[in-house]
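One structure is given here, and the rest of the page talks about it.
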2 protein chains.
Amino acid sequence: MNEFNEYFKSAFTVDNVIFGFDEGDLKVLLINRGEEPFKGKWALPGYFVYPSEDLDTAAKRVLDELTGLRNVYLEQVKTFGAVGRHPIGRVITVAYFSLIKISHYNIQPSSIAKKAKWHSVSKVDDLAFDHKEILDACFNRLKWLVRSRPVGFELLPPKFTLTELQHLYEAILETELDKRNFRKKILSMNLLIDLDETQEGVAHRPARLYKFDREKYEKFLAEGFSFELKESKKKEKKTKKKMRANLA
Amino acid sequence: MNEFNEYFKSAFTVDNVIFGFDEGDLKVLLINRGEEPFKGKWALPGYFVYPSEDLDTAAKRVLDELTGLRNVYLEQVKTFGAVGRHPIGRVITVAYFSLIKISHYNIQPSSIAKKAKWHSVSKVDDLAFDHKEILDACFNRLKWLVRSRPVGFELLPPKFTLTELQHLYEAILETELDKRNFRKKILSMNLLIDLDETQEGVAHRPARLYKFDREKYEKFLAEGFSFELKESKKKEKKTKKKMRANLA
DNA sequence: GGAATTAGTGTAAAGTTTACACTACCTGCT
DNA sequence: AGCAGGTAGTGTAAACTTTACACTAATTCC
């Protein structure tokens, strides 16, 4: 550190977009800011990265302090560093998103956690700092992720019905899926274990419960498998340009 | 800045993985370090982000100083911030990758550019700092990108043959593609304009030259189209687990 | 004129995706 | 007991996409 001293004047933070799924709706955990700047506004949970701490460690710490959860899905998404994004100086933030089961979430005693609340992703529209932009980037990443791997298992309780799983996918993809085709696709992956149990206390035919075969999932990931879910085209009727080859 | 002063002691940089394509091989532009640390080793081009500069601006600046090129494909990939990654202090780096046409690249007068050299991506194995890890992350991103959009056009000269295009895809994907299927797929996208010209000075049947229809490409991107290129399975014979549904 | 070399082309079979509608099973009400 | 209301669960045929595969065409060089 000599001629470069002038560059060592910035700070960096992590911000964590924590997704959960409840009541058929995709949610995000937000903190109500108790102080300026943006006092009273909702913001993503985040904090400065300590000098002795790796980025991933910082993201896990923020998540743990807030939810008490460890070993959850956590992924770095993008870094935001516009010059004026933070009023107190040059602050770059690294955005992460994580997927948790809301049923496993317990309010933590930390003061920050008391100000936390789940919000429907689709209804969030105004956040502190550039946090709306960060949320959008993470939501888009989740949409992409859900098309290439069966990521929903991170968000559902240990036992779930196929309809719940489908609703989760529909919430993330913001589209409707065909029930029969969805089931065929999901079951053909052999990642579900049929528990031979059914729902109780519902006023209609109870659905079978499934759990997720974690062992096969690990294999799936290791082999770089991927699958595709396409939206039901029942209602769309997009002009499907056939784009045929201009061959002789 | 008051109680947070202790956090404003880090620096951040951008590192740019600049890909080019030449002689049937995917290349990356590296700088030979003239000073400690890692003196004599090859490194990714990068520099500190100025206090008054956005991240993307810094990445463009680094690219411009080195190659004289602007308006090229540039994308943020990932941020690396391990505690000990830089000997002179806490330095976080934001990795970008760009795609350029080597034929358009002119050596710049800047001192840094004189130390630059193209290396085959497949042969790079030891770089300064954590730059190998950064290169790998960017290469993986490129692999992903090339499967979802016809990104190769950024790397080829304005006129090219279908075989050149195929070789580019093969270099990026590190696999072989079937000639007829590749051509069918590419031509069916209608993104190529047949120039009604042929190669000259080759000792075999000359190939037709094509250029890229930029207007249609913009439309393609805007409509969120995507396409898939799958490797030729001629040689592999992967045990294709049929994974059929366990339905009644 | 023939050897060498790469360009260029079509098709049938296998596999995947799509659209679509009815019966089954449970509760709660009368 | 039976019916209404509600969600669960299932199969198939048609359209489309992907795959595997081999010969002829055009040029240069000798």
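Order of the sequence lines sets the chain letters (A, B, ...), proteins ahead of strands, with each chain counted from 1. Scope of the values below: all heavy atoms of this structure, side chains included, with no hydrogens, waters or symmetry mates.
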>> Restricting to salt bridge (Lys or Arg N to Asp or Glu O under 4.0 Å), what partner residues turn up for A/Asp136, sequence neighbours left out?
In response: A/Lys132

Show the distances under 3.5 angstrom between N or O atoms of the protein and N or O atoms of nucleotides 1-3 of chain D.
none

>> Among residues at least two apart in sequence or on other chains, which ones pass ring-ring contact (aromatic ring centres under 6.0 Å, His included) with B/His119?
In response: B/Trp42

> What's the closest nucleotide to the A/Ala207 side chain, out of D/dA8, D/dA20, C/dC26?
Replying inline: D/dA8

>> According to ring-ring contact (aromatic ring centres under 6.0 Å, His included), does anything in residues 181-202 of chain A pair up with another residue at least two apart or in another chain? List the pairs.
In response: A/Tyr169-A/Phe182

> Considering only side-chain heavy atoms of B/Arg208, which listed nucleotide, C/dA7, D/dT10, C/dG8, is closest?
Replying inline: C/dG8

>> Among residues at least two apart in sequence or on other chains, which ones pass ring-ring contact (aromatic ring centres under 6.0 Å, His included) with A/Phe19?
In response: A/Phe97

> With sequence neighbours excluded, what pairs up with B/Asp126 under the side-chain hydrogen bond (donor to acceptor under 3.5 Å, both in side chains) test?
Replying inline: B/Lys41

>> The side chain of B/Lys179 is closest to which nucleotide in this list: D/dG11, D/dG9, C/dT9?
In response: C/dT9

> So with a 6.0 Å cut-off around CD of B/Glu218, is the heavy-atom count from everything else above 12?
Replying inline: yes

>> Heavy-atom nearest nucleotide on DNA chain D for A/Arg205 versus B/Lys185: which residue maps closer to 5'?
In response: A/Arg205

> Taking for each residue the nucleotide of DNA chain D with the nearest heavy atom, is it B/Arg180 or A/Tyr210 whose nucleotide lies nearer the 5' end?
Replying inline: A/Tyr210

> Which residues satisfy the ring-ring contact (aromatic ring centres under 6.0 Å, His included) test with A/Phe21, sequence neighbours excluded?
Replying inline: none

Quick test: give all pairs of protein nitrogen or oxygen and nucleotides 27-30 of chain C nitrogen or oxygen below 3.5 Å, distance rounded to 0.1 Å.
none

>> The criterion is salt bridge (Lys or Arg N to Asp or Glu O under 4.0 Å); which residues satisfy it with A/Glu133, sequence neighbours excluded?
In response: none

